[in-house]
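Structure first, then comments.
Nothing here was measured: the structure is a model prediction, and the numbers come from that model. In this chain, residues are counted from 1 in sequence order.
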Amino acid sequence: GTGPDLERLKFKYQGKNVNHAIGYFANYSKENSIKFVIKALIGNAPCIYLLEPYRNKVNQYNSQEKRSLWEYKLNLSQLQINRLMLHIWEMKDIDVKYDFINHNCVTALLFLMYSADENLYQNNKLFSSPIDLIKDLYKLGYIKKAKIIPSESYKFRMVENNLSKHDIKKIKNFINEKNNDIMHLDNDQHRENIFSITKTVLNDKLVKNKISNNKYNLLINRIQNSKSNTVKSNLKYNIKNPLNKSRSSGASLSYQNRVMNSGKNENIINFNIRPVYNSLINDNSDYFNEFELQLMNLESKYFINNNKIRFDNLDVVKIKNIIPYSKLVGGLSGKIRINLERETLNDNSKNLFPNINGGIGLTKSLLTDKLKTYSILNIGYSYFKNINMIYSNPEIGIIYQQGNLGKLNLSYQKYFTNQRYKYKELLDIEQVIFYKDSIDFSASYKIIKSDLESNFQELSFNYYYYF
């Protein structure tokens with residue numbers, strides 16, 4: 001399937017309770033991958049509505065794909081439920097083509113909901129992410145309550161704050177069979193809490209195939225044989241609520257002032273349109289990771305001094321995941337970017353050329369989970385006018401979430417290339433102010449060193465609007 005969106009159906013059939021999930025899935029098993037992507041973008045890809053046992057989907061997401069699953073109980077009348085069920089039955093023999101924009105794994109389930117209440121159609125939007133759909137239903141009163149079925153690694157993140165450095169070391173030594181110190185903790189309550197977290201870590205290692213079944217069973221049995229029959233764990237869970245997330249489509253307008261090393265000033269108006277968007281500058285406090293997701297993000301510039309307009313960049317896909325590494329459950333950070341970009345940073349080039357860049361790295365929280373530092377080793381390939389360029393741009397960065405007030409991002413990249421390139425070094429600092437749900441402001445400062453053109457410093461004032 002192309003996405004995680006499902007509708008759970010509970011009903012009686014021939015006197016038995018039935019618990020099924022219905023989802024909309026791209027059927028690309030017989031398609032060439034590139035051909036399928038093209039069909040999906042133009043709205044002609046084969047897709048199916050699939051009904052299957054709900055427990056199978058939970059196992060698929062939790063155990064096989066190692067993802068968490070959120071359940072949202074719908075607030076529908078019996079008449080609305082009946083309409084929905086009848087419409088699902090009608091759809092079983094209908095071939096509905098997949099359309100990346102208008103009929104994807106998110107909107108397909110929303111179309112099913114229209115049969116329950118046609119008023120929902122008035123809230124249909126051109127671009128909808130899964131969280132947008134859930135937020136809209138929540139605001140309109142169609143969601144009663146939320147429940148999470150966490151993956152084992154996500155469950156660990158929820159209780160990680162209960163552990164000290166000494167606790168982490170004891171759990172690690174127990175799993176590596178160096179000692180059994182966790183069995184001999186003086187405080188019964190603390191021991192039960194450590195047992196509970198250790199079981200979560202072992203479960204995570206089992207689903208990731210990082211521990212054998214025999215060793216897993218041996219360690220679990222040791223814990224079970226030492227558990228108290230009277231004391232239960234009382235761990236404090238760090239619950240994240242993605243319903244607080246801001247909208248995931250947006251646009252931005254910026255004024256940029258460049259000061260060249262020669263002393264020349266250049267003034268630029270920058271405009272971005274972002275159909276599917278989340279950035280490291282956004283408020284990501286309702287997630288355990290910092291992440292960036294951009295699809296078909298178009299950036300254009302107006303060079304005021306020379307009265308020239310240029311399409312500057314098109315991000316086909318840009319993904320960046322910054323998650324703190326844990327000694328118990330791991331966690332790698334990384335990024336991938338596929339885009340079309342201009343050859344230079346000034347206004348003298350018009351054409352866009354292909355670029356692909358990606359890498360993996362590590363992230364560490366400093367003192368608090370609001371302050372993260374990361375390093376990513378990136379490699380890339382660009383093609384400019386019959387020139388094949390291979391490069392590496394290792395990156396280090398700091399992200400500081402300032403509560404619900406704002407955020408500070410700093411990143412530094414140094415480029416090693418086999419050809420002259422517009423970037424040699426790039427330092428980027430941005431301070432964001434969270435103004436309200438749909439609007440942010442920021443100021444940013446860049447220092448750019450280049451092999452192709454003059455080095456310069458750039459000060460920007462930015463306005464972000466989310467919809």
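- The salt bridge (Lys or Arg N to Asp or Glu O under 4.0 Å) check on Glu341 picks up Lys422, with sequence neighbours excluded.
- Annotation for Leu340 and Pro354: closest pair CD2-CA, 3.7 Å, computed over non-hydrogen atoms.
- When all heavy atoms of Ser279 and Asn282 are compared, the pair lying nearest together is N-OD1, 2.6 Å.
- Taking each heavy atom of Gly331 and Leu362 in turn, the nearest pair found is O-CD2, 4.4 Å.
- Taking Gln431 as the reference, Gln402, Leu408, Ile433 meet the side-chain contact (heavy atoms from CB on, under 4.5 Å) condition, with sequence neighbours excluded.
- Side-chain contact between Ser249 and Arg274 is absent, with no heavy-atom pair separated by less than 4.5 Å.
- Looking at heavy atoms from C-beta onward, Pro324 lies in side-chain contact with Lys372 at the 4.5 angstrom threshold.
- Residues Tyr381 and Asn388 have side chains that bring a donor and an acceptor to within less than 3.5 angstrom of each other.
- Judged purely by distance below 3.5 Å, without hydrogens or angles, the side chains of Asn272 and Asn270 pair a donor atom with an acceptor atom.
- The closest donor-acceptor contact from the side chain of Asn62 to the backbone of Ile149 lies under 3.5 Å.
- We find the OG-NZ distance between Ser333 and Lys364 to be 13.0 Å, quoted to the nearest 0.5 Å.
- Listed for the Asp440 side chain is no donor-acceptor partner under 3.5 Å among the backbone atoms of Tyr464.
- Checking side-chain atoms of Lys147 against main-chain N and O of Trp70 turns up no donor-acceptor pair under 3.5 Å.
- A distance of 10.5 Å separates CD1 in Ile197 from CD1 in Ile182, rounded to the nearest 0.5 Å.
- Partners of Phe288 by ring-ring contact (aromatic ring centres under 6.0 Å, His included), not counting sequence neighbours, listed by chain and number: Tyr154.
- Here Glu290 pairs with Lys407 in a salt bridge; the nearest charged N to carboxylate O distance falls below 4.0 Å.
- When side chains are defined from C-beta on, Ser438 counts as touching Tyr465, because their heavy atoms get closer than 4.5 Å.
- Here the CG-CG distance, from Asn313 to Asn339, works out to 5.0 Å after rounding to the nearest 0.5 Å.
- Here CD1 of Ile273 is found 12.5 Å from CG of Leu314. Values are rounded to the nearest 0.5 Å.
- No side-chain donor-acceptor contact under 3.5 Å links Asn297 to the backbone of Val316.
- Applying the salt bridge (Lys or Arg N to Asp or Glu O under 4.0 Å) rule to Arg83 yields no partners; only residues at least two apart in sequence or on another chain are considered.
- For Phe353, the ring-ring contact (aromatic ring centres under 6.0 Å, His included) partners at least two apart in sequence or on another chain are Phe384.
- Residues Gln60 and Asn56 have side chains that never bring a donor and an acceptor to within less than 3.5 angstrom of each other.
- Checked by atom type and distance alone, the side chain of Thr200 never pairs as donor or acceptor with a backbone atom of Glu152 at under 3.5 Å.
- The ring-ring contact (aromatic ring centres under 6.0 Å, His included) test applied to Phe311 returns no partner, not counting sequence neighbours.
- Residues satisfying the side-chain contact (heavy atoms from CB on, under 4.5 Å) test with Ile396, not counting sequence neighbours, are Ser375, Tyr412.
- A salt bridge does not link Asp167 to Lys170: none of the charged nitrogens lies less than 4.0 Å from a carboxylate oxygen.
- Ion pair Asp312/Arg342 flagged as a salt bridge, since at least one NZ, NE, NH1 or NH2 atom sits closer than 4.0 Å to an Asp/Glu carboxylate oxygen.
- Among residue pairs with one or both ends in residues 389-401, those qualifying as salt bridge (charged side-chain N to carboxylate O under 4.0 Å, His left out) are Lys320-Glu395, Lys335-Glu395; sequence neighbours excluded.
- In this structure, Asn161 CG and Asp369 CG are separated by 6.0 Å, a value rounded to the nearest 0.5 Å.
- Panel note: side chain Ser254, backbone Gln256; no donor-acceptor pair is recorded below 3.5 Å.
- Under the 30°/60° scheme for interplanar angles, the aromatic rings of Tyr287 and Phe291 are found to stand perpendicular.
- In this structure, Thr363 and Thr373 have side chains that are not in contact, with every pair of non-hydrogen atoms separated by 4.5 Å or more.
- With sequence neighbours left out, Ser326 forms a side-chain contact (heavy atoms from CB on, under 4.5 Å) with Phe156, Arg157, Glu160, Leu328, Val329.
- For the pair Phe174 and Leu219, the minimum side-chain heavy-atom distance is below 4.5 Å.
- Applying the 6.0 Å contact sphere to NZ of Lys66 captures more than 12 heavy atoms from other residues, nucleotides or ligands.
- Heavy atoms of other residues, nucleotides or ligands lying less than 6.0 angstrom from OH of Tyr435 number 12 at most.
- Looking at heavy atoms from C-beta onward, Pro53 lies in side-chain contact with His20 at the 4.5 angstrom threshold.
- Nearest heavy-atom pair across Leu377 and Ser392 is CD1-OG, 4.0 Å.
- A distance-only check finds a donor-acceptor pair linking the side chain of Asn357 to the backbone of Ile379 [under 3.5 Å].
- In this structure, the side chain of Asn225 does not engage the main chain of Arg222 through any donor-acceptor pair within 3.5 Å.
- For the pair Asn462/Tyr255, no side-chain contact is recorded, criterion being any heavy-atom separation below 4.5 Å from C-beta on.
- Annotation for Ser226 and Met183: closest pair OG-SD, 3.3 Å, computed over non-hydrogen atoms.
- Here the side chains of Leu253 and Ile269 are in contact, with some heavy-atom distance below 4.5 Å.
- The ring-ring contact (aromatic ring centres under 6.0 Å, His included) test applied to Phe271 returns no partner, not counting sequence neighbours.
- Between Asn214 and Ser212, the side chains place no donor N or O within less than 3.5 Å of an acceptor N or O (distance only, hydrogens not considered).
- Classification of Lys73 and Glu71 as a salt-bridged pair fails, no side-chain N sitting under 4.0 Å from a carboxylate O.
- Ile220 is linked by a side-chain contact (heavy atoms from CB on, under 4.5 Å) to Lys199, Leu202, Tyr216, Gln224, counting only residues two or more places apart in sequence or in another chain.
- By the neighbour-count criterion of 12 heavy atoms within 6.0 Å, atom NZ of Lys327 is sparsely surrounded, having that number or fewer from other residues, nucleotides or ligands.
- In this structure, the side chain of Glu65 does not engage the main chain of Arg67 through any donor-acceptor pair within 3.5 Å.
- Side-chain contact annotation: Asn193 with Asn234, donor-acceptor N/O pair under 3.5 Å present.
- Between the side chain of Arg191 and the backbone N or O of Leu185 there is at least one donor-acceptor pair closer than 3.5 Å.
- Exactly one residue among Ser442, Ser411, Ser444 makes a side chain to side chain donor-acceptor pair (under 3.5 Å) with Glu430. That residue is Ser442.
- A pairwise comparison of heavy atoms in Gln80 and Ala116 identifies CG-O, 3.2 Å as the closest pair.
- Counting heavy atoms of neighbouring residues, nucleotides and ligands inside a 6.0 Å radius, atom NZ of Lys172 does not exceed 12 of them.
- Under the salt bridge (charged side-chain N to carboxylate O under 4.0 Å, His left out) criterion, the residue pairs touching residues 225-236 are Glu192-Lys227, with sequence neighbours excluded.
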